Amino acid sequence: MSELEIRQFECLGDNYGFLIHDPQSGETASIDTPDADKIQAEAKAAGWTITQIWNTHHHWDHAGGNEALKAATGARIVGPSYDVDRIPGIDFEVADGDIVELGQHAAKVIFTPGHTRGHICYFLPEAKIAFVGDTLFALGCGRLFEGTPAEMWTSLSRLAELPDETRVYCAHEYTQSNAAFALTVDPDNLDLQAYAEMVGAERARGEATVPTTIGAEKATNPFLRPFDAGIRKQLDMAGADDEDVFAEIRRRKDNF
Ligand SMILES: [Zn+2]
């Protein structure tokens, strides 16, 4: 099996567009459609033809370019069955546990409600890469627009079970502000301190902080660590349930 190629680029300010290409079959998938023109230009620059669109959720900066990109390329749109009414042009509905194929490469669908009620992620086990939309960010997680803290905590817990070396492609460049917040709830975490310093340097050089890895996030991302004694002490929630600690971290981030 040939190795997948990934092209990552900025869209709409702080969104990332991603194209994944399988040289063997010639297939190319666009993860979401933040900006149809930009995505087309990137595909052209790489010499790739977009054959599929894989949507994570219905927000306009993720599915807003679906119709234009489909009209221009004839790409097949894969999206969550949970949100078929809010995502334009879905040809192939998928739900938790379903497999989506790009050539011989398989991606497993993981249902991750919380940011929206129909959000899904795509995990490619052979390549060990995950496209997580607005569910998990480097040092953060998506806002709870439609779900409860308990739902989001369950969703993030499932992503945390992926192999540590999994490269995580988040849909926004939010890492530097996430790091500033993370340090307020987990100030004594040496891994987090080092991560925050690295992110500051990367951003100063104009570099992307995405992708991250599951292992790095498990060691530093407070939204994956509500069970951590240091965080609980900082929040004065020593005996609380994980989901209550998670909810408190999310509440503080919303007001940060
Ligand atoms: Zn979103």
Side-chain angles (χ1 to χ4, degrees), residues 8-20 29-36 38-39 53-70 77-90 93-96 100 107 109-123 129-160 168-178 181-182 208-212 217 221-224 246-247 249-251 253-256:
Q8 173 177 335
F9 46 93
E10 288 178 14
C11 287
L12 311 172
D14 62 30
N15 278 73
Y16 281 122
F18 304 108
L19 290 170
I20 51 173
S30 176
I31 309 301
D32 285 329
T33 56
D35 180 338
K38 182 77 192 282
I39 293 165
I53 293 165
W54 294 358
N55 281 129
T56 61
H57 66 296
H58 74 89
H59 285 155
W60 70 274
D61 60 327
H62 293 261
N66 273 20
E67 282 160 318
L69 202 57
K70 185 176 178 174
I77 301 182
V78 177
S81 58
Y82 317 97
D83 251 334
V84 72
D85 296 338
R86 297 194 292 181
I87 296 177
I90 292 182
E93 297 174 29
V94 292
D96 190 54
V100 183
V109 173
I110 305 174
F111 181 42
T112 54
H115 176 67
T116 66
R117 63 175 181 264
H119 197 297
I120 58 172
C121 298
Y122 297 88
F123 172 57
I129 56 180
F131 296 96
V132 298
D134 287 355
T135 294
L136 176 63
F137 295 125
L139 294 178
C141 76
R143 276 181 187 266
L144 305 184
F145 287 118
E146 299 175 4
T148 65
E151 281 173 319
M152 189 58 141
W153 171 236
T154 300
S155 296
L156 291 171
S157 299
R158 294 190 62 194
L159 295 179
V168 179
Y169 289 85
C170 327
H172 290 272
E173 181 59 64
Y174 290 158
T175 317
Q176 199 163 17
S177 59
N178 286 344
F181 169 75
T209 66
V210 173
T212 178
E217 296 308 312
N221 186 328
F223 294 99
L224 296 183
F246 172 83
I249 299 170
R250 188 60 254 179
R251 191 189 66 75
K253 178 66 165 65
D254 289 343
N255 298 316
F256 182 66

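None of the values given here were measured: they were computed from a predicted structure. Atom set for the values below is all heavy atoms of this structure, side chains included, hydrogens, waters and symmetry mates excluded. Numbering of ligands and ligand atoms starts at 1, following listing order.
Checked by atom type and distance alone, the side chain of Glu217 pairs as donor or acceptor with a backbone atom of Leu139 at under 3.5 Å.
Checked against the Zn ion (ligand 1), the N, O or S atom of His59 at the shortest distance is ND1.
The ring pair (Phe, Tyr, Trp, His ring centres under 6.0 Å) test with Phe145 singles out one residue from His58, His115, His57, and that residue is His115.
Rounded to the nearest 10 degrees, the angle NE2 (His115) to the Zn ion (ligand 1) to OD2 (Asp134) equals 100°.
Taking the six-membered ring for Trp and the full ring otherwise, His172 and His62 have centroids separated by under 6.0 Å.
Asn55 meets the side-chain hydrogen bond (donor to acceptor under 3.5 Å, both in side chains) test with Asp32, Asn66; sequence neighbours excluded.
Under 2.8 Å from the Zn ion (ligand 1) lies no N/O/S atom of His62, from backbone or side chain alike.
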